[in-house]
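All chains are named by letter (A, B, ...) in the order of the sequence lines, taking the proteins before the strands, and each is independently numbered beginning at 1.
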There are 2 protein chains.
Amino acid sequence: MINDLTPIATSTRADIVEIRIREYLSNKKLKTGDTLPTELELAEALDVSRNVLREALSRLRMLGLIETKKKRGMVLSAPDILGSFERVLNPQLMDENTMKDIFELRLVLELGMADLLYLRKTDKDIAELEQIVKKDKNADAEEFRISQEIAFHGKLYEITGNNTLKRFQTMLMPIFGFVLSNSHHSIKSGVSHSDLVQILKNGDRDSFSDAMREHLRPHIEFLKER
Amino acid sequence: MINDLTPIATSTRADIVEIRIREYLSNKKLKTGDTLPTELELAEALDVSRNVLREALSRLRMLGLIETKKKRGMVLSAPDILGSFERVLNPQLMDENTMKDIFELRLVLELGMADLLYLRKTDKDIAELEQIVKKDKNADAEEFRISQEIAFHGKLYEITGNNTLKRFQTMLMPIFGFVLSNSHHSIKSGVSHSDLVQILKNGDRDSFSDAMREHLRPHIEFLKER
DNA sequence: TAAACCTATATGTAGTACATAAGTACCTAA
DNA sequence: TTAGGTACTTATGTACTACATATAGGTTTA
């Protein structure tokens with residue numbers, strides 16, 4: 001009851017200024033390359049000290065929303081949408097639910113990427129996969145096994161040709177690693193990396209989808225315990 | 001040739017301080033709830049003005065990495081991993097490639113979520129979907145059609161029970177909306193929302209996967225033109 | 001003993017001052 | 001005339017000081 005009441009968010013001036021500047025940007029429909037007023041002008045217009053204003057600007061600068069150059073002033077720029085994501089992706093600080101959400105997200109991505117793979121794969125890609133898989137047989141050490149996992153699945157993401165997706169996966173790796181070490185490997189998968197490569201090479205999309213699902217089966221089973 | 005050379009990133013003191021504090025947090029393996037030194041102590045230790053320090057802290061505060069209270073000082077906290085993402089997701093500023101990447105991402109997610117749906121769906125969910133679909137037949141106006149799309153597919157994300165995934169979708173909606181309006185609807189889908197609901201209700205996972213793929217077919221075809 | 005009050009302290013905000021880089025315009029010399 | 005240099009101007013970057021404000025924690029008082 002009373003626990004549901006979270007303290008009201010008393011926002012600082014910097015918080016408000018950040019929002020106001022955001023609004024300013026979208027209201028004026030500013031685009032990449034457009035210049036902003038100077039710090040002094042903004043500070044005066046918003047009636048805050050330059051100090052507070054700079055705290056807000058510092059945030060936008062970090063996100064890559066604005067870039068500043070001495071004398072030239074500030075220009076609006078296209079942020080790297082994953083850059084900010086990267087900054088908060090610290091497994092150490094992540095609560096367990098989010099961690100599980102992200103683990104599920106990985107499964108959904110890999111189960112759903114078959115179409116992209118078949119649309120974009122090249123002979124060169126297949127050759128690389130075969131190279132990676134070749135090292136699989138002497139995968140006895142735990143550490144080596146994980147690096148093989150990363151190499152193989154990472155390459156799949158790469159084949160999708162979707163750079164955002166690939167980077168996303170790279171960032172999420174530490175999380176995957178964490179959950180992977182959570183020994184739910186009692187169930188052994190019936191489909192190996194090697195099998196997947198062969199199907200990707202010669203089989204059709206549907207077979208691959210089925211195989212991938214079988215390959216990830218231990219993880220999917222794990223979800224049911226949740 | 002020469003165009004490939006981007007200007008060297010001359011970082012400000014605030015940039016460096018931000019990184020240093022990050023390192024400090026992970027090196028000391030601090031966890032949620034742990035307290036940080038005071039601003040004065042940090043500023044002195046890093047040999048920067050309190051001003052610069054506060055610009056860096058302001059960034060971490062925005063990300064939700066730290067929370068501050070008067071007198072009590074600063075405590076480390078679990079950031080909302082999607083909050084920062086939301087801040088940069090401005091279609092107005094996004095370059096076209098990223099936009100397309102995100103559109104593909106949506107398709108991958110929806111093609112891959114079948115297992116989660118079958119794992120978590122309830123009778124109540126199905127009933128809600130049927131409610132939504134019921135309005136579909138009088139979907140003549142463009143605007144209404146889009147709102148139906150959002151309601152239906154949004155509900156699917158909700159059924160996955162994965163809150164991160166659902167929020168992710170909500171944020172990405174404006175992007176989807178943008179790409180949707182890019183008239184690649186010449187190809188008509190052979191599977192309607194209503195069909196999907198029926199299969200989700202009575203059919204098995206594989207049938208649903210196939211049906212969803214057929215439903216999204218116009219979009220998948222669109223990818224090939226890329 | 002409990003309520004009211006005080007005090008020390010850490011963050012929040014403002015203002016001033018100066019450093020630094022980078023455009024701009026002017027000026028000089030070949 | 002023009003290339004190249006010089007001085008000036010301006011916007012951001014950094015530092016320092018001062019004070020406001022909230023509050024945890026101790027002290028006094030009824």
Side chain of [X] - closest among [options]:
{"X": "A:K70", "options": "C:dT20, C:dA14, C:dG12", "value": "C:dT20"}
{"X": "B:V48", "options": "D:dT12, D:dA15, C:dT13", "value": "D:dA15"}
{"X": "A:S49", "options": "D:dT10, C:dT11, C:dA14", "value": "C:dA14"}
{"X": "A:K71", "options": "C:dT13, C:dA22, D:dA15", "value": "C:dA22"}

Handout entry: Side chain B:R50 and base C:dG12 donor-acceptor under 3.5 Å
Key =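 Answer yes: a donor N or O sits under 3.5 Å from an acceptor.
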
Exercise for the section: May I ask you to verify whether the side chain of B:N51 and the base of D:dG13 hold a donor-acceptor pair under 3.5 Å? Expected result: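 Absent.
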
Could you tell me the separation between the [atom1] atom of [X] and the [atom2] atom of [N], rounded to a whole number of Å?
{"X": "A:L40", "N": "D:dT9", "atom1": "CG", "atom2": "P", "answer": "17 Å"}
{"X": "B:K69", "N": "D:dA24", "atom1": "NZ", "atom2": "P", "answer": "8 Å"}
{"X": "B:M74", "N": "D:dT23", "atom1": "CE", "atom2": "P", "answer": "17 Å"}
{"X": "B:E18", "N": "D:dT14", "atom1": "CD", "atom2": "P", "answer": "13 Å"}
{"X": "A:E55", "N": "D:dG13", "atom1": "CD", "atom2": "P", "answer": "14 Å"}
{"X": "A:L53", "N": "D:dG13", "atom1": "CG", "atom2": "P", "answer": "11 Å"}
{"X": "A:R13", "N": "C:dG15", "atom1": "CZ", "atom2": "C1'", "answer": "14 Å"}
{"X": "A:L46", "N": "C:dG15", "atom1": "CG", "atom2": "P", "answer": "14 Å"}

Problem - Gap between atom CG of A:L65 and atom CG of A:L25 - 0.5 Å precision - result: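 One gets 6.5 Å once the value is rounded to the nearest 0.5 Å.
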
Problem - Any donor-acceptor N or O pair under 3.5 Å, side chains A:E110, A:H153 - result: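 Judged by distance alone, the side chains do pair up.
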
Exercise for the section: Consider only side-chain N and O atoms of A:D15 and A:T12, and report whether a donor and an acceptor are under 3.5 Å apart. Expected result: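 A donor-acceptor contact under 3.5 Å links the two side chains.
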
When you check the phosphate oxygens OP1 and OP2 of [N], does a side-chain N or O of [X] lie under 4.0 Å from one of them?
{"X": "B:T68", "N": "C:dA10", "answer": "no"}
{"X": "A:T12", "N": "C:dT11", "answer": "no"}
{"X": "A:R54", "N": "D:dA15", "answer": "no"}

Practice task
Give a yes or no on whether a salt bridge exists between A:R61 and A:E67, defined as a side-chain N under 4.0 angstrom from a carboxylate O.
Solution key: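 The answer is no: the pair does not qualify as a salt bridge.
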
Practice task
Let me know, please, whether A:R72 or A:V52 comes out on the 5' side of the other along DNA chain C by nearest nucleotide.
Solution key: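 Looking at the nearest nucleotide for each, A:V52 comes out on the 5' side.
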
Exercise for the section: May I ask you to decide if the ring planes of A:H193 and A:F152 are parallel, tilted or perpendicular, using 30° and 60° as cut-offs? Expected result: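 It falls in the parallel class, under 30°.
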
